[in-house]
There are 2 protein chains.
Amino acid sequence: MRELLQQHRFDALSVADILTAAGVSRASFYFYFPSKQAVLGELVREAVAQGQQAARPWIDGQQDPVTALRAGVSDGARLWRDNAGVLMAIVENWASDEGLRALWLEQMNLFTDAAAARIHADLHVRRRLGSMDVRAAAASLTWLGERLYYLAAAAVPPFNNEEVLVDTLTNAWTSILYGDAVTHPDPARGPASAPQRQSSESVPPTPPTE
Amino acid sequence: MRELLQQHRFDALSVADILTAAGVSRASFYFYFPSKQAVLGELVREAVAQGQQAARPWIDGQQDPVTALRAGVSDGARLWRDNAGVLMAIVENWASDEGLRALWLEQMNLFTDAAAARIHADLHVRRRLGSMDVRAAAASLTWLGERLYYLAAAAVPPFNNEEVLVDTLTNAWTSILYGDAVTHPDPARGPASAPQRQSSESVPPTPPTE
DNA sequence: GGCGTGACCATACATCATGTATGGACAACA
DNA sequence: TGTTGTCCATACATGATGTATGGTCACGCC
């Protein structure tokens, strides 16, 4: 099914297709899974498990916030590139299946929690956000990632260009958290990102996939 | 169908349900529409047509950017509140139907174009964005809106709270475009917006739907 | 009045997808 | 040798979609 998803949309797959591709019988399929949605759930768990690992380093990272952020965003792009079929499938279908919904919202929550914790630990960011709801800000960045990675996977311009995707998403994180606009390579100007405060902690990057 | 969508998800509706609710025969339905997706398309056109109008003021607006922004975001919230069923339906299904896909991407594009034009007209913002892709930044804000309004309609925390939704989305726009973080009511600080008083719901509407 | 036509409706069908049986083959294991 | 776990083929009940086919009824026109 993972392979089928690389070429067909989830709702275009019938269990018959899966049966054929997997070489098992209908009876066997329903013995192990209650539905094709359940299979997708398992595939998603596998995919995000990788992401969890990949995210580790920068979550507890000590490096410069913006650098860490950009690295995280790039990691996310890679995760999505490697699991485009499965991830697109759940993004398109979590609303229609209770199990998938719980799973995806949980993933988004985990990511949001990590980001919020990072923000909380950074006094400078906290001050900047003023009375803004920290969790809400973290959640919005999480979901922005979900959407942009999805659009990239769905080949929707301008996010079908990975560089644009990474620049834009990184810029969103840094702008909202630090107020610095320019995160990408541009030797021509430099009004924004000045001396980056190395406040004990940096920020949480990575996409909304773990 | 518009009424049915207030209580049931689009894919849970059969044309039989629509037939019963509308009091027409199967034959008549298929005489006027090729599928239930086509009906949804019409409903979406109706809904966003309203939005188009409501957006005008903001688009050619002369008022203070941040105020205009917040007003627009609130407008969007209202539009979504008034058309939650229809808008949730298209957000959940544009990926699975070519017609709906073209329609929704067109709407997102129109909105992105308007935002990008605004940005281009504002030298200060252009400078701040540096070499960032203006259209990409505009598109990311458009899609962030789509996602957050949708989550609010789907009752996903923390966006099920309209004030949080508006504050967060407004903050994203102002942060990314102007670098000002605080857009909401915070007597403690005030580096950005002037005397902004946010009465959760007293502003005009304009979501990412036009 | 006779008649075509447009707007509907009821019914039926072909097709396809899902999920649930039912019964049997086969190998490992005790 | 019998039990059990893993699979398969087949069939079936249900429900959804989209396509006929044929009929009713009102209206406007000659």
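Numbered from 1 within each chain, the chains take letters A, B, ... in sequence-line order. Computation of the quantities below employed the complete heavy-atom set of this structure, encompassing side-chain atoms and omitting hydrogens, waters and symmetry-equivalent molecules.
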Worksheet item: Sequence neighbours excluded, which residues qualify as side chain to side chain contact (heavy atoms under 4.5 Å, CB included) partners of B:Thr20?
Response: none
Worksheet item: What is the distance, rounded to the nearest whole Å, between atom CZ of A:Phe29 and atom C1' of C:dT20?
Response: 14 Å
Item to complete: Using atom types as modelled and distance alone, determine if a side-chain donor or acceptor of B:Ser74 lies under 3.5 Å from a backbone N or O of B:Ala71.
Response: no
Worksheet entry | Non-neighbouring partners of A:Ala139 that pass side chain to side chain contact (heavy atoms under 4.5 Å, CB included), sequence neighbours left out | A:Thr112, A:Trp143, B:Pro158, B:Phe159
Worksheet, complete the sentence: Sequence neighbours excluded, the answer for side chain to side chain donor-acceptor pair (under 3.5 Å) partners of B:Ser96 is none
Is there any protein nitrogen or oxygen under 3.5 Å from a nitrogen or oxygen in nucleotides 11-18 of chain C, and what are the pairs?
{"residue": "C:dT18", "atom": "OP2", "partner": "A:Val15", "partner atom": "N", "Å": "3.2"}

Worksheet item: Any side chain to side chain donor-acceptor pair (under 3.5 Å) pairs touching residues 22-31 of chain A, not counting sequence neighbours?
Response: A:Ser25-A:Ser28
Using atom names, set out every protein N or O paired with an N or O of nucleotides 5-7 of chain D below 3.5 Å, distance rounded to 0.1 Å.
{"residue": "D:dC7", "atom": "OP2", "partner": "A:Tyr32", "partner atom": "OH", "Å": "2.0"}

Can you give me every donor-acceptor pair (side chain of residues 40-47 of chain B, partner residue at least two apart or in another chain, under 3.5 Å) with its distance?
{"residue": "B:Glu46", "atom": "OE1", "partner": "B:Arg2", "partner atom": "NH1", "Å": "2.5"}

Worksheet item: Can you name the salt bridge (charged side-chain N to carboxylate O under 4.0 Å, His left out) partners of B:Asp113, sequence neighbours left out?
Response: B:Arg135
Practice prompt. Please report, rounded to the nearest Å, how far the P atom of C:dG19 is from the CD1 atom of A:Ile18.
Written response: 10 Å
Worksheet, complete the sentence: Residues at least two apart in sequence or cross-chain that pass salt bridge (charged side-chain N to carboxylate O under 4.0 Å, His left out) with B:Arg101, listed by chain then number, are none
Fill in: Counterpart residues, ring pair (Phe, Tyr, Trp, His ring centres under 6.0 Å), relative to A:Phe33 (two or more places apart)
A:Phe29
Worksheet item: Axis-to-axis angle across the helix from C:dG1-D:dC30 to C:dA30-D:dT1, five pairs an end, to 10 degrees?
Response: 10°
Discussion item. Could you work out, with side chain to side chain donor-acceptor pair (under 3.5 Å) as the rule, every residue matching A:Asn161, not counting sequence neighbours?
Written reply: none
Fill in: Value in whole Å for how far the C1' atom of D:dT17 lies from CD of B:Gln37
10 Å
Worksheet, complete the sentence: Whole-Å distance, A:Asp11 CG to D:dT17 C1', equals 15 Å
